[in-house]
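Both ligands and their constituent atoms are indexed starting at 1 by order of listing. Values reported hereafter were calculated over all heavy atoms of this structure, with side chains retained and with hydrogens, waters and symmetry mates removed. Quick caveat: nothing in here was measured; it's all calculated off a predicted structure.
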Amino acid sequence: MSLYCGIACRRKSFWCYRPLSTYVTKTRYLFELKEDDDACKKAQQTGAFYLFHNLAPLLQKSGHQYLAPQHSLLELERLLGKFGQDSQRIEDSVLIGCSEQQEAWFALDLGLNSSSSINASLQKPEVEKELTGSFTELRKALYQLNVKDASLLSTAQALLRWHDTHQFCSRSGQPTKKNMAGSKRVCSSNKIIYYPQMAPVVITLVSDGTRCLLARQSFFPKGMYSALAGFCDIGESLEETVRREVAEEVGLEVERLHYSASQHWPFPNSSLMIACHATVKPGQTEIQLNLRELEAASWFSHNEVAIALRRNNPYTQQQNRAFPFWLPPKFAIAHQLIKEWVEKPTRSTLPV
Ligand SMILES: NC(=O)c1ccc[n+]([C@@H]2O[C@H](COP(=O)([O-])OP(=O)(O)OC[C@H]3O[C@@H](n4cnc5c(N)ncnc54)[C@H](O)[C@@H]3O)[C@@H](O)[C@H]2O)c1
Ligand SMILES: [Mg+2]
């Protein structure tokens, strides 16, 4: 691929070509791999593979951290051969990114039933033994992965899950076929193209000016509190969703809103988490809990939340009853929202 943008710009009396930045080159390379099956297949030869079993990534423990090992195509073919499988199965892999040096990264699930090969799933214990790692539930592993691996494995899991659950056309009932990169599936009978989807979700840290509101659902790990979250309904703007969710879940009306950041979240299906800060109407802070949605919700002081952020290791805290509550892991956008509020509790917000 050309390293130049091809857009001539006139500087002084001669034409020059602006070299593309590493980021733009990488983005264009990934675009090419998604569009061109042959280029993608070629990229697998020098690429690296992350392995999953029934959507659990293969991890290796290193002290208190988990590492996500990469495997080359050759290693993967050798592994499949050892377990009596053909290399056709590699066509189930999905493209999840690439390095700055354009080494493409793929993810492959060895536990799900293969759509491109008649081979059954590989037995988990045997593969773990062979690869000296363990297939670990991603939710648990997130606490002990670095941010880059956590984000990469979340993308991989979401994409692998989407392919596993979209193998048939919802109109014709016929099987759909993925492209090499896994960026889409096509129904061969009517040519309908299906693209991986994410549901938009707002996550809002509500404040009354001095305190913030944290809540928990009954299935959260014991003692964990987070910001309020909710799926956008059809037809809603983000502002409307924030207003409705806060009213639905804790019976409060938010007045002002400030967008913070967004994040892809793979659980239980792909969501695009859109994170906001909001403030309630002055003097209207009495929580009316919706028990169908939440188990508990409370106002927490700046000091309480700052202390909880500093000692935020769930494993030690779950055993130590002296700590009243703990917060989501660093990787979760809820953690970032709470951290932002602790660092700057009063911020300029827009009316909703
Ligand atoms: N990354 C983070 O920091 C973070 C923090 C909190 C929550 N979350 C995620 O936010 C998501 C939404 O939070 P919530 O559960 O409080 O939402 P919610 O308050 O909207 O309640 C969930 C309910 O909404 C309904 N619903 C409507 N549209 C849905 C859809 N597209 N998919 C599934 N259910 C739908 C279902 O009845 C479901 O039981 C959860 O999946 C959760 O994993 C992420
Ligand atoms: Mg909710």
Sole residue of Gln88, Arg89, Glu75 in side-chain contact (heavy atoms from CB on, under 4.5 Å) with Leu80: Arg89
Check this for me - ligand 1, [X], N or O atoms closer than 3.5 angstrom, yes or no?
X      : answer
Ala332 : no
Glu249 : yes
His335 : no
Trp265 : yes
Gln263 : yes
Val201 : no

Short N/O/S contact of Glu293 with the Mg ion (ligand 2) (below 2.8 Å):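 No.
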Leu228 backbone or side-chain N/O/S under 2.8 Å from the Mg ion (ligand 2):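 No, outside the cut-off.
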Under 3.5 Å side-chain donor-acceptor pair for [X] and [Y]:
X      : Y      : result
Gln60  : Tyr66  : no
Glu103 : Trp105 : yes
His166 : Thr176 : no
His277 : Glu340 : yes

I need the nearest protein heavy-atom contact for [atom]: residue, atom name and distance, please.
atom                    : result
atom 3 (O) of ligand 1  : Ala334 N, 2.9 Å
atom 44 (C) of ligand 1 : Met273 CE, 3.3 Å
atom 5 (C) of ligand 1  : Ile203 CD1, 3.3 Å
atom 21 (O) of ligand 1 : Glu293 OE1, 3.7 Å
atom 15 (O) of ligand 1 : Gln217 NE2, 3.8 Å
atom 27 (C) of ligand 1 : Phe231 CB, 3.9 Å
atom 18 (P) of ligand 1 : Gly230 CA, 3.6 Å

Salt-bridge criterion met for [X] and [Y] (N-O under 4.0 Å):
X      : Y      : answer
Glu253 : Arg243 : yes
Glu255 : Lys281 : no
Arg211 : Asp208 : yes

Location of contacts on Asn269 toward ligand 1, heavy atoms closer than 4.0 Å: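 Neither part.
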Contact partition for Glu245 relative to ligand 1, non-hydrogen atoms under 4.0 Å: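 The answer is the side chain.
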Minimum non-hydrogen distance to atom 7 (C) of ligand 1, winning option of Ala215, Ala199, Ser154, Ala229: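 Heavy atom nearest to atom 7 (C) of ligand 1 belongs to Ala229.
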Arg216 versus Met224, closest heavy-atom pair with distance: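 Between these two residues, the closest heavy atoms are NH1-O, 3.0 Å.
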Does the protein put a heavy atom under 4.0 Å from [atom]?
atom                    : result
atom 1 (N) of ligand 1  : yes
atom 25 (C) of ligand 1 : no
atom 9 (C) of ligand 1  : yes

Glu304 side-chain N/O to Ser301 backbone N/O, donor-acceptor pair under 3.5 Å: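 Yes, the answer is positive, given that a donor and an acceptor are paired below the 3.5 Å cut-off.
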With Arg244, the side-chain hydrogen bond (donor to acceptor under 3.5 Å, both in side chains) member among Glu236, Glu249, Glu239: Glu236
Test: Lys184 cationic atom under 6.0 Å from Trp162 six-membered ring centre, within 45° of axis: no
Distance flag, aromatic centroids of Phe300 and Tyr225, threshold under 6.0 Å: yes
